[in-house]
Amino acid sequence: MTSTQGRVENRQPGYVPADNSQPPSRRFRFNEWLDGHARQLFITPAVVMILIFSIFPLVASLIIAFSRVRLKAGGYQVRFVGFKNFSKQIFGSEQFHFLGTFTTLTFLGWVVALSASAAILWWMYRYITTGFSIIGFIGRMITAIVGLGIAWMFAGTFFSGNPFGTLGVTLFYVFVGCGVQFIIGLGLAFLCSQPIRGRNFFRVAFFIPMMITPIGVGYVFRMMADTTKGPFSPAWQWFGLNDFAWAANPWTARIFIIIGDSWQWIPFIFIILLAAFENIPRDYVEAGQMDGASNWQIFREISWPQVMPVAVTVMLIRVIEGFKIVDLPNIMTSGGPGIATESMSLHSFFAWRSLDLGQSAAIAYLLLFVTVVICVSFFNLIVVNRMRRI
Amino acid sequence: MSNVSKVPRRSLFDRLFEPPRIGAMAPGAKIIVYTLLLAWSAFVLFPIYWLLITSVKTAADVNAGPFFIPFVDFTPSLHAWRELFIVDYADTLRAYVNSLIISLAATALAVLVGSMAAYALARIRYQPNLITILIFILTMTAALFAVFSYGVDWRIVLVVGVGIFYFFSKAVASRVKVPLANGDILFWMISQRILAPIVVVVPIYMMFQSVRMLDTHLAIILTYAVVNLPIVIWLMYDFFNSIPKDLEESAQLDGATMIMTFREVVLPLSRAGLAATTLLVMILCWNEYLLALFLSTAKAQTMPILVAAMNAGERGILWWSMSVVIIVMIIPVVFMAIVLQRYISKGVLLGAVKG
Amino acid sequence: MSTDMSSASETDTLTSDAKRLSIRKMNKHYGDFHAVKDLDIEVEPGEFLVLLGPSGCGKSTALRMIAGLEEITSGEVIMGERDVTHVLPKYRDIAMVFQSYALYPHKTVAENIGFPLKVTGVPLEQRNQAVLDAAAQVQMETLLERYPRELSGGQRQRVALARAIIRRPSAFLMDEPLSNLDAKLRGFMRAELKHMQHELGVTTIYVTHDQIEAMTLAHRVAIMKDGELQQLGTPAEVYTNPTNLFVAGFMGSPPMNFIEGTLSQGSIQVGNDKIFLQGAQEGTAVTMGFRPEDADVVEAGEGRFDAMVYTAEMTGDLTLVTVKHGQSILTIKMPKDFVVDYDQKVGIQFDSGLSYLFSTSDGSRLKAIVVDS
Ligand SMILES: Nc1ncnc2c1ncn2[C@@H]1O[C@H](COP(=O)(O)OP(=O)(O)O)[C@@H](O)[C@H]1O
Ligand SMILES: [Mg+2]
């Protein structure tokens with residue numbers, strides 16, 4: 001080797017020095033440029049899309065919520081009105097619609113209100129005396145205030161024999177509906193994870209409702225629940241209930257909506273929890289059997305702790321989606337009788353349909369606020385706490 | 001004395017709820033399990049059966065009270081099917097094609113954009129400055145306020161807004177830094193799912209109205225894609241995190257660019273995750289009603305709107321036709337599920353939910 | 001020990017004598033596949049029996065049938081005087097250590113160890129004391145509050161052991177409990193395990209595919225192949241007196257050397273040399289075996305046959321000389337200072353009394369012996 005550069009001698013055999021005499025091709029340069037900007041390139045589309053279709057509308061919605069919007073020829077007239085839209089819902093003429101009808105509290109109402117308040121205050125007191133951080137305190141403060149508000153709302157309406165508004169209805173759908181769905185979904189998943197025949201049949205059959213459009217589910221259940229022409233009308237008649245109008249009674253109407261909602265959503269909970277059960281290593285269960293545990297002990301001490309993290313997350317998703325419920329009450333009852341089955345999404349939708357955009361946005365924002373507070377509280381106070389122990 | 005091992009006397013309860021043989025199921029448990037599962041199957045399948053037979057009933061069959069078994073209780077007739085697919089086939093076909101175009105395109109867009117972002121978040125470290133973001137949000141709020149409440153022309157506001165944002169982000173944000181991490185970005189993106197469609201739909205409606213895009217495919221496609229982006233990002237982030245980095249690193253050592261690595265190495269490895277995500281997003285887009293109701297009036301109407309259209313006001317609900325529409329809506333979803341299911345190992349959704 | 005029958009159930013969960021464990025004509029079919037064939041083993045009270053065999057030979061299946069985790073297709077399992085063939089695992093009074101340890105990830109070490117007592121309703125006080133005792137026995141007293149994921153492999157192994165011993169069961173079953181540990185730790189845990197079993201005196205069945213583990217741990221070894229028991233005996237018996245070709249080849253490291261040939265005129269041809277046999281029928285295909293430590297490398301022409309040196313490996317305490325002969329590779333253990341060149345022609349010498357002859361066709365041991373001429 002007759003190189004003048006001594007360094008080259010140290011190179012690996014087969015080393016070919018880069019030939020810099022030719023300029024790189026245009027295509028190559030473009031690829032290099034792309035690679036140099038890959039950081040931005042990969043994430044920008046998502047960020048831009050979310051900014052345009054989520055953040056921008058969110059801010060716009062906020063402005064509308066604080067405004068009075070009038071349709072004019074060829075556009076809108078938007079006038080800033082401060083908290084008027086909100087105060088109308090919470091204190092004003094729409095209070096009955098959003099929160100419910102208030103009279104004086106009955107004895108039961110007082111009991112509920114005071115005991116719930118005491119519980120929340122005691123919980124705050126415990127937090128302050130045991131550990132304390134500014135962020136934790138503010139977060140808990142918000143949770144406590146919303147909790148107190150909801151407790152007094154139910155005490156003043158439901159527990160005092162008055163109808164409650166769309167907030168109460170939404171919370172009813174979320175907590176009762178999702179609770180029922182979770183218990184049934186968990187039960188079905190556990191049963192299907194047992195060594196039984198026909199597992200694949202059950203698995204496929206139970207998944208089907210998830211594929212049907214929610215609005216279709218609404219109509220199907222309207223058919224099912226028809227007391228004169230529906231499939232169960234002979235049964236209704238046999239019970240002497242043929243002229244019973246479930247849609248005219250607030251509670252039966254709500255329950256029918258929860259049944260339809262459960263029919264649609266249990267498959268989702270079922271399919272994920274089933275995978276969680278099947279994912280438990282067989283060794284754990286067998287070790288439990290060797291250690292002398294009964295089937296119930298194995299479920300409680302071994303299987304359940306294994307699926308619990310999954311269950312909590314599934315429920316978080318389900319609750320988030322549950323707050324959005326709109327199609328079923330819209331189709332099955334149109335929110336009726338009166339406003340008895342109207343969820344907040346539907347409330348906002350109806351306000352939009354009557355062109356009251358400010359009210360519509362205000363309700364939508366209230367929904368967002370309640371959802372965020374409840375979901376974040378659920379996550380921070382329950383999930384994080386539990387996870388730490390696992 | 002030899003140790004007498006304890007053989008418990010079996011009570012009736014034990015005999016019912018303890019397996020008679022190893023690996024078998026207890027008779028009592030068996031009865032309970034099958035009863036419950038069959039009962040639930042009936043609850044799930046009966047409405048679907050009812051849907052099927054309603055689709056072959058005439059108006060008279062429906063109105064004369066419940067008939068259960070075709071050929072026995074009533075004579076099935078294909079009039080509703082004929083009506084939708086022969087007489088009114090243009091409307092049905094348009095809605096069907098609209099639905100197909102919209103959900104396929106929206107799913108593809110969401111999965112592409114979402115998995116790119118998820119991959120970036122799983123592999124690259126970002127440190128966005130909180131101050132920049134705050135400046136951005138304040139500028140945008142002020143700009144929107146100017147447009148809505150004071151009627152300033154949006155083009156002027158856009159230019160001024162960009163200028164103000166640029167100035168402040170140079171002047172302030174380059175000095176004060178409150179760095180966020182990937183986890184924050186991820187949380188921000190996923191949390192978009194909390195937004196009920198009703199919260200954002202009115203401004204989106206106005207936005208599309210102002211650019212004359214209402215009742216177009218593109219408007220619905222973009223909206224659906226964004227609404228489902230959080231799901232894609234969440235599922236795919238978890239999936240990418242579960243793929244070992246070695247293969248990508250070796251591709252990079254071989255001189256592949258990041259885009260090439262993503263296309264040639266990462267995506268083929270993520271087939272299972274992509275299939276599950278695609279299926280889920282596809283189902284959600286295909287079945288969506290509220291946003292479609294706002295954003296389409298005639299041309300771009302989708303199948304769920306057609307379902308609602310069978311509620312013909314004063315003529316009552318056309319149950320037979322509605323059943324047909326609901327049934328034909330299930331078919332593509334089942335088809336997709338069958339096509340994609342061989343790629344889906346059962347753990348994909350689970351992995352994301354666990355994380 | 002004379003306990004009143006009525007109080008027996010209370011006490012014998014905590015203390016019990018070792019029991020005899022009889023496995024009689026045990027079979028397992030998975031559909032058409034016959035995984036365990038007519039397994040017959042008597043495990044003496046307090047004995048440490050190792051089930052040894054290559055992977056896939058049905059050891060785990062056999063162990064799981066003894067545990068009651070797998071149904072027995074036919075045959076019996078008897079513990080002491082009790083027929084437990086169809087008894088549920090929880091009533092068998094057996095503890096098992098799994099290959100994966102199967103520690104419950106959501107329970108602390110203490111909760112894991114105490115679980116068998118918790119589910120049988122032992123009061124808390126007594127349970128805590130038992131947990132401390134069991135943990136002390138495996139030197140884990142200081143880590144009781146940790147979770148399994150915070151432990152090293154060896155520590156997890158100890159927790160699994162403590163969970164098995166806390167009940168004082170009548171028998172231990174262990175399925176390759178050491179196979180997830182690194183080599184050094186494995187040797188250490190092996191000694192601990194043996195010591196503990198000796199101290200507790202509990203009947204133990206231990207499954208492994210590692211013949212060194214089997215040799216060092218077992219009172220007796222049962223060697224399995226394709227679901228069938230090949231030989232049952234003490235490690236020394238199995239090593240020095242294998243009943244067939246498979247056992248001879250499976251035991252020992254490096255394994256026994258084999259040379260195949262066909263008997264004609266009282267001898268088999270090995271290269272240019274003849275080795276004379278006595279007691280075998282003319283014309284049979286025989287396999288002759290001798291162990292690496294029973295042979296010597298000598299000058300060419302001075303041994304029973306000649307071969308070429310292939311490699312020589314110095315392992316520290318000795319030198320392993322590998323010679324190539326036809327297709328077969330033979331290994332001979334020589335003293336550590338033994339020096340030999342590659343590709344050198346050498347002779348191989350071995351004692352006629354320390355060689356084994358098998359029938360090549362069915363692997364059975366032949367009565368024949370090697371003679372000098
Ligand atoms: N549940 C089962 N179904 C069918 N075959 C099985 C099953 N379990 C084990 N086997 C088969 O039985 C044989 C013995 O398995 P195993 O006892 O696990 O072997 P090992 O000796 O390695 O522990 C293997 O060939 C295995 O494939
Ligand atoms: Mg095994």
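Proteins come first, then strands; the chains are lettered A, B, ... in the order of their sequence lines, and each starts at number 1.
- Closest approach of Leu103(C) to Tyr284(A), counting heavy atoms only: O-CE2, 3.4 Å.
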Pair Met290(A)-Leu69(C), side chain to side chain contact (heavy atoms under 4.5 Å, CB included): steps then yes or no:
CA-CA 8 Å; Met290(A) 295 305 299; Leu69(C) 294 170; 4.0 Å; yes
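- At a 4.5 Å heavy-atom cutoff, the contact between Arg64(C) and chain A is made by side-chain atoms alone.
- Between Asn295(A) atom CG and Leu88(C) atom CG the span is 8.5 Å, to the nearest 0.5 Å.
- The backbone N or O of Glu301(A) lies less than 3.5 Å from a partner atom in the side chain of His106(C), making a donor-acceptor pair.
- Between the CZ atom in Arg92(C) and the CD atom in Gln289(A) there is a gap of 11.0 Å [rounded to 0.5 Å].
- Closest approach of Ala293(A) to Lys90(C), counting heavy atoms only: O-CD, 3.8 Å.
- With hydrogens and angles disregarded, a donor-acceptor distance shorter than 3.5 Å links the side chain of Tyr104(C) to the backbone of Gly288(A).
- To the nearest 0.5 Å, atom NZ of residue Lys118(C) and atom CG of residue Asp291(A) are 12.0 Å apart.
- With respect to chain A, the highest number of heavy-atom pairs below 4.5 Å among Pro89(C), Ala95(C), Ala102(C) belongs to Ala102(C).
- Checked by atom type and distance alone, the side chain of Gln297(A) pairs as donor or acceptor with a backbone atom of Val119(C) at under 3.5 Å.
- Few gaps surround NE2 on His29(C); more than 12 heavy atoms of other groups in view lie less than 6.0 Å from it.
- Within a 6.0 Å sphere centred on CD1 of Ile134(A), other residues, nucleotides and ligands contribute 12 heavy atoms or fewer.
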